[in-house]
Amino acid sequence: CNSRTTEKKFLKYLSRHGDIKKHFFYESYGIYAVVEFANRESITSLLERQTHQTNSLANSANHKLPLQSMNSYRDCPKRRIDQQIISLTEAYQLTEENSRLRFLVCSLLKDIAAAYFPECTIRPFGSSVNGFGKLGCDLDMFLDLDGISGRNLKMPKSGLSLEYQMKRANSERAVTQSILSVIGECVEQFGAGCVGVQKILNARCPLVRFAHQPSGFQCDLTANNRVAMKSTELLYLYGELDQRVRCLVFTVRCWARAHGITSSIPGAWITNFSLTVMVLFFLQKRSPPIIPTLDQLRDLAGPADKSVIEGNDCTFVSDFSKIPLHSNTETLEELLHGFFEFYSTFAFSRMSINIRKGKEQNKPEVAPLHIQNPFETSLNVSKNVNATQLDRFVALCQESAWLFQQIETNTPRGLGGNDTSTPWGLASILLPLNVAGVKSRKKKRHEPASERIKSLLESLKNKNHQKKS
Ligand code: CTP
Ligand code: MG
C-alpha cells in the first residue's frame with residue numbers, strides 16, 4: 001500500500017470494485033494488505049485498472065502477540081502453571097491470518113510452477129498445518145503433480161487405449177531434481193519478492209529454499225514428498241485428540257528454543273520435528289496413555305484409509321470418532337514435569353524412540369539419538385544429532401526437573417517467591433538466566449538465548465508491573 005494512503009481510503013478505493021469479505025493490514029518492508037473480495041469478478045475489475053508495480057501481499061511475521069500476563073496466575077495456587085502453558089500456546093500459535101497467508105503464498109508459487117506444469121498444486125505441510133506451528137515458523141511446501149491428467153493412468157489390460165507418453169528419466173529422484181531445478185530458476189528470475197533462492201538438490205529430500213519478502217516467510221519447496229504429507233496428517237491427528245498434546249508440544253518447543261537446544265540454522269541440533277515425536281512418545285508412555293500408538297491407529301483404519309507410499313505403510317484411521325481414549329487426568333504441570341523426568345533418565349545409549357509401537361526398542365544402528373521415522377521405519381529422524389547436543393538436552397531436562405521440584409515443594413529460592421517482578425513458574429523454566437544460575441552449582445556452560453523468548457518474558461514481566469502499579 002502507498003504509505004500516504006490511510007487504511008480507510010485504501011479499502012474505500014478497493015470497494016469500488018466490489019464487496020470486500022475480509023481484509024488485514026501488516027508491515028514487512030512497507031505496508032501490505034491481504035484482501036478477499038466476495039466475488040472473483042472484483043479482482044478482474046481491479047486488475048484492469050492497475051499498473052504493474054504493485055505487490056500487495058500480507059505478512060504477520062511482526063504480529064503483536066496478544067499476551068496475557070504469565071505472572072498474574074500466581075494468585076490461584078492450583079493449575080497456575082497450567083494457565084501459563086495455555087497462555088504461551090495461545091500467544092505463539094499461528095493466527096488465522098497467518099495461516100491464510102501461508103495458503104496464499106502456496107497459490108502464488110503455483111502460478112509460477114504452472115508455467116511448466118499447468119495442472120499442478122502446491123500444498124503446505126509441516127508445522128504450517130500440523131497444528132504445532134509457531135508464529136514465524138518456516139513454510140514447507142510440496143509440489144504435487146499427481147493431479148496432472150494422464151500421469152497416473154492405469155494401462156487397460158486389452159483393447160484399444162490412448163497412450164500418454166512420458167519422457168523416460170533415470171530415476172524418480174533425478175526427475176524430482178530436474179523439476180525443482182527449473183522451478184527454482186523460475187522463482188529466482190520471476191518470483192515477485194522471492195529472494196536468496198538456493199537449490200539444495202543433493203539433499204536426501206531435494207528442495208528449493210528462498211525467502212518470500214512480502215509475507216516474511218522462509219520457504220522450502222519440495223516435490224515427491226508424500227510421506228512427509230502423511231506425517232503432517234498424523235501429527236495433526238495427535239494434536240486434535242487431546243488439548244494437552246498441543247500445549248505440551250508448544251511449551252517443549254519454546255523451552256528448547258529458549259535454551260538453544262533447537263536453532264533456525266541447520267546443524268547437529270535436535271529439530272522441532274524430533275522434539276514433537278519425543279513428546280508424543282512420552283504421552284504414549286503415560287499410565288494410562290494419553291494418545292494411542294501408531295500401530296493402534298493403523299488397526300482402526302477403514303479400507304479408504306489404506307495408503308502405501310513407495311513401499312511404506314502409511315495407513316492410519318482418519319475418522320477421529322473411532323479412536324478410543326483413556327481417562328488420564330494429569331495436569332499440564334504434571335505432564336511437563338514428567339516429560340523432563342522421563343528424558344532425564346531415558347536410556348538413549350541403548351534405546352530407540354518408537355511411536356509406532358509406543359515402546360522403546362533396541363537401537364538398530366549407532367547414533368547418539370535414535371528416533372524411528374514413523375512411516376519410513378528404516379530411517380532415524382534425528383540422525384543429524386551429535387552426542388554433545390544430546391548431552392545438553394539431557395542436562396537441561398535434569399535441571400528443569402529440579403526446578404519443578406523446587407516449585408512443588410514450595411521452596412521459592414530462585415523461582416520468584418512472592419515477589420511479582422521476578423519470573424515465576426513456567427517463566428523460570430524458560431528463562432536462560434535462571435537455568436544458568438542453577439547450572440553454576442554444577443558446571444558452567446554458556447547457553448545461547450533466544451531473543452524472542454527473552455523479549456516475550458520481558459513483556460510479560462512489564463505487563464505485570466503495569467498491572468500492579
Ligand atoms: N520431516 C520428516 N522427517 C524429518 C524431518 C522432517 O518426515 N527428518 C517432515 C515432517 O512431517 C515435518 C516436515 O517434514 O513436519 C517439515 O519439516 P521441518 O520444517 O523440519 O519441521 P516442522 O514440523 O515444520 O517444524 P518447524 O516449525 O521447525 O519448521
Ligand atoms: Mg517446517
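Counting starts at 1 for both ligands and their atoms, following the listed order.
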- Query: How are the rings of Tyr236 and Phe320 set to each other: parallel, tilted or perpendicular (split at 30° and 60°)?
  - Reply: tilted
- Is the closest side-chain heavy-atom distance between Arg257 and Lys134 below 4.5 Å? yes
So with a 6.0 Å cut-off around [atom1] of [X], is the heavy-atom count from everything else above 12?
{"X": "Arg173", "atom1": "CZ", "result": "yes"}
{"X": "Lys383", "atom1": "NZ", "result": "no"}
{"X": "Glu240", "atom1": "CD", "result": "yes"}

- Quick one: does Thr232 get within less than 4.0 Å of ligand 1, heavy atoms only? yes
- Of all the heavy atoms in Arg253, does at least one lie under 4.0 Å from an atom in ligand 1? yes
- Query: Between Ser428 and Gly425, is there a donor-acceptor pair closer than 3.5 Å when you use the side chain of the first and the backbone of the second?
  - Reply: yes
- Sidechain-backbone polar pair: Tyr32 side chain, Phe24 backbone, donor-acceptor under 3.5 Å: no
If you have a sec, work out which protein heavy atom is nearest [atom] and how many Å separate them, to one decimal?
{"atom": "atom 2 (C) of ligand 1", "value": "Phe273 CE2, 3.4 Å"}
{"atom": "atom 15 (O) of ligand 1", "value": "Gly126 CA, 3.5 Å"}
{"atom": "atom 16 (C) of ligand 1", "value": "Asp140 OD2, 3.5 Å"}
{"atom": "atom 11 (O) of ligand 1", "value": "Ser231 OG, 2.6 Å"}
{"atom": "atom 13 (C) of ligand 1", "value": "Phe125 CE1, 3.6 Å"}
{"atom": "atom 28 (O) of ligand 1", "value": "Asn272 ND2, 2.8 Å"}
{"atom": "atom 29 (O) of ligand 1", "value": "Asp138 OD1, 2.7 Å"}
{"atom": "atom 8 (N) of ligand 1", "value": "Val381 O, 3.7 Å"}

- Task: Tell me, please, which residues at least two apart from Phe342 pass ring pair (Phe, Tyr, Trp, His ring centres under 6.0 Å).
- Result: Phe282, Phe346
- Item | Residues Arg244, Glu330; criterion salt bridge (charged side-chain N to carboxylate O under 4.0 Å, His left out); working and verdict | CA-CA 9 Å; Arg244 290 170 293 181; Glu330 286 175 287; 5.8 Å; no
- Are any of the side-chain nitrogens in Glu188 or Lys199 under 4.0 Å away from the carboxylate oxygens of its partner? no
- Winner among Pro124, Ser128, Ser127 once heavy atoms are compared against atom 26 (P) of ligand 1: Ser127
- Query: Taking only residues two or more places apart in sequence or in another chain, which ones pass side chain to side chain contact (heavy atoms under 4.5 Å, CB included) with Asn224?
  - Reply: Glu172, Thr176, Glu310
- Task: Could you list the residues that satisfy salt bridge (Lys or Arg N to Asp or Glu O under 4.0 Å) with Lys359, not counting sequence neighbours?
- Result: none
- atom 19 (O) of ligand 1 protein-contacted (non-hydrogen atom, under 4.0 angstrom): yes
- Query: Should the proximity of Phe132 to ligand 1, defined as any heavy atom under 4.0 Å, be assigned to the side chain, the backbone, both, or neither?
  - Reply: neither
- Query: For ligand 1, is there an N or O atom under 3.5 Å from any N or O atom of Arg204?
  - Reply: no
- Message: Under 2.8 Å from the Mg ion (ligand 2), which protein N, O or S atoms do you find? Ignore water molecules.
- Response: Asp138 OD1, Asp140 OD2
- Query: Can you name the nearest heavy-atom pair linking Val208 to Val197, along with the distance?
  - Reply: CG1-CG1, 3.8 Å
- Query: Hey, which atoms in ligand 1 end up nearer than 4.0 Å to a heavy atom of Cys137?
  - Reply: 27 (O)
